[in-house]
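Note that the structure is predicted; figures quoted are calculated from it, not measured. All values below were derived from every heavy atom in this structure, side-chain atoms included, with hydrogens, water molecules and symmetry-related copies excluded.
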Amino acid sequence: MITYAISSSSLGKCFTEETRKAFLNGNLKNIEACIAAEPPEDEEYHRSLALMHQANRDGIIRSVSVHMPFYGYGLKWDPSALDEGIRQDVVYRMSEMIRANSELFTHGNMTLHASNEPPLEEHPQRIIQCRKSISELLPLAEELDFSINMEYLPRTCVGNCEEELEALAAEFPEKYVGICLDVNHIMDRYQDLPQIIDRLAPRLKAFHICDYDGIDEMHWFPWQGIIPWDKVMAAIRKLPQDVVLISETMFQLGTKVSHIADPYFGLRQTEKAFWFLENCDELMKSEAEFRKTL
């Protein structure tokens, strides 16, 4: 079964009263809760997090995944850190963050970046370090019953290809260590997406869904870029396991534009994007026919 969700970051940096009202008035309720790494004295951050927790308890939203931080206010959040002391501190702070927000993890998924953007020659050692971090987070995943989903990352990040993701996950049980495939992060390999999905199929638990220009991540809405959505959705529908498709369109709706879009507008646009994905076979055929008339 496919579950549709929206990244909380797609509706702005903070979860506000306007965000809560948008979910009250919209149809989509599922979110990937993005937990930022903000300084403890940041009152806006704590208000935002408290509002998100309350909305989740009230059933206004449903947290189906949690995205862990990968940067923030001078602290390192890289689970592949070569310095063992730093790596252990990252795992400790992540563990504390998971426990403090445990009610957001009840529907089974956590997205984790394996690294920032280290030199490629460091990858073999960083994969070893990241596997240590996964093994240390695993007891918490088992206790709270969620899957640690390693994100398919771009450029020089660890996890920027199928081989590295397989190396990260291979020694761990599929129930508790999976993969989140961000379809923007495969860079110029967009035509290979169906084959990538087939290869990673046993571990796929989630997708970050957005479109791009085939060069670098853009986080556009589906159908605004060049991803062959009919083929991608066909490959996703073949998966025997339940997966969650998470809209990540923050570059249009969040902080990379001249203003922050109204949360209700963002939610409605996302609902339309999911309608397109559900019907992309026929819609893309119709588009192809129309283009012949131009």
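Although no hydrogens or angles enter the test, the distance criterion places a donor-acceptor pair under 3.5 Å between the side chain of R203 and the main chain of A169. Side chain of K205 to main chain of K175: a donor-acceptor pair is present (N/O by atom type, distance under 3.5 Å, no hydrogens or angles). Between the side chain of S10 and the backbone N or O of I6 there is no donor-acceptor pair closer than 3.5 Å. Listed for the D188 side chain is no donor-acceptor partner under 3.5 Å among the backbone atoms of G214. For the pair S48 (side chain) and F15 (backbone), a donor-acceptor distance under 3.5 Å is present. The backbone N or O of M1 sits less than 3.5 Å from a side-chain atom of D242, completing a donor-acceptor pair. When atom types are taken as modelled, the side chain of S115 and the backbone of E117 share no donor-acceptor pair closer than 3.5 angstrom. A donor-acceptor contact shorter than 3.5 Å links the side chain of H219 to the backbone of E248. With hydrogens and angles disregarded, no donor-acceptor distance shorter than 3.5 Å links the side chain of T249 to the backbone of F221. Using a distance-only test at 3.5 Å, with no hydrogens or angles considered, a donor-acceptor pair links the side chain of N25 to the main chain of K21.
The heavy-atom pair separating A33 from L104 by the smallest distance is CB-CD1, 4.1 Å. In terms of heavy atoms, G26 sits closest to K29 at O-NZ, 3.2 Å. Pairing each heavy atom of D182 with each of Y152, the nearest pair is CB-O, 3.8 Å. Residues A114 and S80 come closest through the heavy atom pair O-CB, 3.2 Å. The shortest heavy-atom contact between E217 and P154 is OE2-CG, 3.8 Å. Of all heavy-atom pairs spanning P173 and L138, the tightest one is CD-CD2, 4.3 Å.
A salt bridge links D216 with R155: the distance from a Lys NZ or Arg NE/NH1/NH2 to an Asp or Glu carboxylate oxygen falls below 4.0 Å. Between E166 and R199 a salt bridge is recorded (basic side-chain N to carboxylate O distance below 4.0 Å). Remark: R126 engages D78 in a salt bridge, criterion side-chain N to carboxylate O under 4.0 Å. A salt bridge is defined here as a Lys NZ or Arg NE, NH1 or NH2 lying under 4.0 Å from an Asp or Glu carboxylate O, and K132 with E84 meets this definition. Using a 4.0 Å cut-off between charged nitrogen and carboxylate oxygen, D89 and R93 count as a salt-bridge pair.
Both M94 and I134 belong to a single network of hydrophobic side chains, linked directly or stepwise wherever heavy atoms of I, L, V, M, F, W or Y lie under 4.5 Å apart. Note on F23: it does not cluster hydrophobically with V244, by side-chain heavy-atom contacts below 4.5 Å among ILVMFWY residues. Taken together through direct or relayed side-chain contacts under 4.5 Å among Ile, Leu, Val, Met, Phe, Trp and Tyr, V66 and I209 form part of one hydrophobic cluster. I227 and I246 are members of different hydrophobic clusters when ILVMFWY side chains are connected at heavy-atom separations under 4.5 Å. Grouping the Ile, Leu, Val, Met, Phe, Trp and Tyr side chains by contacts below 4.5 angstrom, directly or via other members, places M187 apart from I179.
Side chains of E271 and Y4: a donor-acceptor N/O pair is absent below 3.5 angstrom, by distance only. Q88 and E136 form no side-chain donor-acceptor contact under 3.5 Å, judged by distance and modelled atom types alone. Looking only at atom types and distance, the side chain of T111 has a donor-acceptor partner in the side chain of E32 under 3.5 Å away. Side-chain contact, Q54 with R57: a donor N or O sits under 3.5 Å from an acceptor N or O. Side-chain contact annotation: H113 with E151, donor-acceptor N/O pair under 3.5 Å present. In this model, a donor atom of one side chain and an acceptor atom of the other lie less than 3.5 Å apart for D211 and W229. Remark: the S133 side chain and the R87 side chain contain an N/O donor-acceptor pair separated by less than 3.5 Å.
The ring-ring contact (aromatic ring centres under 6.0 Å, His included) pairs that include a residue from residues 168-193 number zero, where partners must be two or more places apart or lie in different chains.
The neighbour count for R291 CZ, taken as heavy atoms of other residues, nucleotides or ligands under 6.0 Å away, does not exceed 12. Counting non-hydrogen atoms of neighbouring residues, nucleotides and ligands closer than 6.0 angstrom, the CD atom of E44 reaches no more than 12 such neighbours.
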| message | Applying side-chain contact (heavy atoms from CB on, under 4.5 Å) to I128 and Q125, what does each step give before you reach the verdict? | response | CA-CA 5 Å; I128 293 171; Q125 186 59 37; 4.0 Å; yes
| message | Would I35 and M97 count as a side-chain contact (heavy atoms from CB on, under 4.5 Å) here? Give the steps. | response | CA-CA 9 Å; I35 304 180; M97 184 173 282; 3.5 Å; yes
| task | Go through the steps to decide whether V183 and H208 satisfy the test side-chain contact (heavy atoms from CB on, under 4.5 Å), and finish with yes or no. | result | CA-CA 6 Å; V183 296; H208 283 164; over 6 Å; no
| salt bridge (charged side-chain N to carboxylate O under 4.0 Å, His left out) between K292 and E287: does it pass, once the steps are laid out? | CA-CA 9 Å; K292 292 176 184 177; E287 180 202 25; over 6 Å; no
| request: Start with the C-alpha gap between I197 and K238, add the side-chain angles, then the distance that decides, and say whether side-chain contact (heavy atoms from CB on, under 4.5 Å) holds. | output: CA-CA 10 Å; I197 293 169; K238 281 168 47 183; over 6 Å; no
| request: Check the pair R47 / E17 against salt bridge (charged side-chain N to carboxylate O under 4.0 Å, His left out), numbers first and verdict last. | output: CA-CA 10 Å; R47 283 196 303 271; E17 181 61 26; over 6 Å; no
| said: Checking D58 against R20 for the salt bridge (charged side-chain N to carboxylate O under 4.0 Å, His left out) test, could you report, in this order, the C-alpha distance in whole Å, the side-chain angles of both residues, the deciding distance, and whether it holds? | reply: CA-CA 11 Å; D58 292 343; R20 189 188 73 84; 5.8 Å; no
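A 4.5 Å side-chain heavy-atom check between M233 and L245 finds at least one atom pair inside the cut-off. By the 4.5 Å heavy-atom criterion applied to side chains, I148 and F146 are counted as neighbours. Within the 4.5 Å cutoff, the side chain of I31 has no heavy atoms near those of the V64 side chain. Looking only at side-chain heavy atoms (C-beta outward), L277 and I2 stay at 4.5 Å or farther from each other. Residues I226 and D213 are not in side-chain contact: their nearest non-hydrogen atoms beyond the backbone lie 4.5 Å or more apart. Counting heavy atoms from C-beta on, the side chains of N116 and W77 never come closer than 4.5 Å.
Every residue was checked against the ring-ring contact (aromatic ring centres under 6.0 Å, His included) condition with H123, not counting sequence neighbours, and none meets it. Legend: residues meeting salt bridge (Lys or Arg N to Asp or Glu O under 4.0 Å) with E162, ordered by chain and number and at least two apart, are R189. R99 is linked by a side-chain hydrogen bond (donor to acceptor under 3.5 Å, both in side chains) to E143, counting only residues two or more places apart in sequence or in another chain. Under the rule for a salt bridge (Lys or Arg N to Asp or Glu O under 4.0 Å), E96 has no partner lying at least two apart in sequence or in another chain. Partners of N109 under the side-chain hydrogen bond (donor to acceptor under 3.5 Å, both in side chains) rule, at least two apart in sequence or in another chain, are N149.
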